Protein chains: 2
Amino acid sequence: MSLRYATLGLLSKWEASGYDIKKEFHDIMSIFWHTHLSQIYPELKKLENENLISSKLIPQMGKPDKKIYSITEDGREVLLKWLLESNEIPKIKDSFLMQTFFLDNIPVDEVLLKLNMQKKERRQRLEIMKIMSKEKLESIKERNVMTARILMASAVLRRGIEQEKQYIKWCEETISLVEYCKYLWEKNDDYLTPSTENVESQNTTSIPFTEVEDVLLKYFADIVDEV
Amino acid sequence: MSLRYATLGLLSKWEASGYDIKKEFHDIMSIFWHTHLSQIYPELKKLENENLISSKLIPQMGKPDKKIYSITEDGREVLLKWLLESNEIPKIKDSFLMQTFFLDNIPVDEVLLKLNMQKKERRQRLEIMKIMSKEKLESIKERNVMTARILMASAVLRRGIEQEKQYIKWCEETISLVEYCKYLWEKNDDYLTPSTENVESQNTTSIPFTEVEDVLLKYFADIVDEV
DNA sequence: TTCCACATGTAAAGGGTTACATGATTGA
DNA sequence: TCAATCATGTAACCCTTTACATGTGGAA
């Protein structure tokens, strides 16, 4: 349902073609949403049929014609209603965290490889966001004006940067922890051997808690220090 | 595609019925995934048809029969292949951040209300995770053993806690910023008035950058300090 | 006596992804 | 000459959500 509002929201800021909208989704909006061109075009058609947006054809030289959409009064009302009335609680689907949860099933070297790869991926995302942030700040300074629109976009950008930074930090901490507790995977080298009924006691190494007490207590320190 | 692996992964740890699986999704797995019972049951059937899991019926007193599923050798292989070969890059869909991006369209009081509500929501999630974390630490201490499985589950839990904490902090910072820059919304009180072609220059208040320079520079400070 | 937890499902509708289809221009 | 960018779309498939359907036992 949210592609509808993402599109209306975007067109509440600027007029745009389907292709332009895709670029926005790929740019700053990638911090909170993603979609495909093949989903945008039918959605635009639907929105136009409902009179929430309208279009005009712009012929271009050398390039294919452009279909520029703009939001209508009805569209603006629908958008405002959604902003005022619906309280979206983001439903998280983090496939990497899901893999992490099951990573005791593969050899410890592979675990470390995966965590390092994720860290790299996150660092790339962070770099892109930093560049966006720099550009934004410079354009604000240049034009020497501030609007509510720029303010909210900046807030979203900051959230994105913080999230990536923290993900990277978590990767590093988890890598250290796994490296420290490597031997827990020892008996798991033959990870393709048959499973048994009592999975808990077989196929894994358990060590007395005292050996890792300090590291784990530190790792769980967050429980104690209140926000 | 990932419900498949979430299910296989879960059954690689314990045997479970569809109902049990739903409870796990609602519990610790809620940090990284969510689903409905009506999706779990067909998925279990599909997995059984492909011989990746097998089931046995457990008659119960007073309660309906239980269908307990366990992973097969084929299932374990499929799971390991996914863990070793696929590098999941989480595709973010954060509907609240999306709303935030468009919040310049509604009155500033409504903006503050929304941010405060999100903060409250996030705090509730954090409290639940803290309780989970406490329970986990106590059970580790009690049993006095450590396994790779517990380690990875703890890492995921920590990530969840950090994320909620940071989201709360971001809400607070953004509330302060919006309160400081309230006047940017001033001319936007009549937010149901007709739109115009040149959206950028109308319907919004712009102020010289210098007035908020300090606050914004601080807000953008993250660009400068490297990870 | 009403609601919640336990327990398993089906059906329909809606949303999202991948593959297919076309075609011009520009830069490497 | 090959790939990428600009530009618009359709079709098939897959995944996800909401609504429907049924029934028991225990607690408030």
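Protein chains get the first letters and strands the later ones, always in sequence-line order, with residue 1 at the start of each. Quick caveat: nothing in here was measured; it's all calculated off a predicted structure.
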Check your understanding: Are B/R149 and A/F101 in a cation-pi setup, meaning NZ or CZ lies under 6.0 angstrom from the ring centre and within 45 degrees of the ring axis?
Key -> no
Study note, to complete from the structure: Atom CG of B/L57 and atom P of C/dA7 are separated, to the nearest Å, by 13 Å
Check your understanding: Do side-chain atoms of B/K114 reach the backbone of A/L83 as a donor and acceptor pair under 3.5 angstrom?
Key -> yes
Point to revise | Terminal helix-axis angle for the helix from C/dT1-D/dA28 to C/dA28-D/dT1, with five pairs defining each axis and rounding to 10 degrees | key: 40°
Point to revise | For the student: nearest non-hydrogen atoms of A/I21 and A/L44, plus distance | key: CD1-CD2, 3.9 Å
Point to revise | Closest non-hydrogen atom pair, B/A155 against A/W170 | key: O-NE1, 3.0 Å
Review point. Taking the nucleotide of DNA chain C with the closest heavy atom to each, which residue, B/K67 or A/H34, is nearer the 5' end?
Key: B/K67
Check your understanding: With the threshold set at 4.0 Å, does a side-chain nitrogen-carboxylate oxygen contact exist between B/R123 and B/E164?
Key -> no
Distances under 3.5 Å between protein N/O atoms and the N/O atoms of nucleotides 3-6 of chain C, please, pair by pair.
residue: C/dC6; atom: OP2; partner: B/Y19; partner atom: OH; Å: 3.3

**Study point:** Shortest non-hydrogen separation from A/K13 to B/F102 and the atoms involved
**Key:** CE-CD2, 3.4 Å
Practice item. Would you kindly check if the NZ (Lys) or CZ (Arg) of A/R159 is within the cone defined by 45 degrees around the ring axis of B/Y167 and under 6.0 Å from the six-membered ring centre? Key: yes
Using residues 22-38 of chain B as the side-chain source, report each donor-acceptor pair under 3.5 Å to any protein atom, sequence neighbours left out, with the distance given to one decimal.
residue: B/S30; atom: OG; partner: B/D27; partner atom: O; Å: 2.7
residue: B/T35; atom: OG1; partner: B/Q39; partner atom: OE1; Å: 2.7

Study note, to complete from the structure: Contacts of A/K119 meeting salt bridge (Lys or Arg N to Asp or Glu O under 4.0 Å) (sequence neighbours excluded), chain-then-number -> A/E172
Exercise for review: Determine whether B/S12 and A/N105 make a side-chain contact, defined as any pair of heavy atoms from C-beta on separated by less than 4.5 Å.
Suggested key: yes
Practice item. State whether A/H36 places a side-chain N or O below 4.0 Å from either non-bridging phosphate oxygen (OP1 or OP2) of C/dG16. Key: no
Review point. Does the A/T72 side chain pair with the main chain of A/N51, one donor and one acceptor, at a distance under 3.5 Å?
Key: yes
I'd like a table of atom pairs between the protein and nucleotides 10-15 of chain C - only N or O on both sides, under 3.5 Å - with the distance next to each one.
residue: C/dT10; atom: OP1; partner: B/K45; partner atom: NZ; Å: 2.9

Study note, to complete from the structure: Nt span of DNA chain D in reach of chain A heavy atoms at under 4.0 Å, 5' end first, is D/dT5 to D/dT16
Review point. Have B/S86 and A/Q99 got a donor and an acceptor in their side chains that come within less than 3.5 Å?
Key: yes
Practice item. Go through B/E43 and B/T7 one step at a time and tell me if the side-chain hydrogen bond (donor to acceptor under 3.5 Å, both in side chains) criterion holds. Key: CA-CA 8 Å; B/E43 189 65 46; B/T7 309; 5.9 Å; no
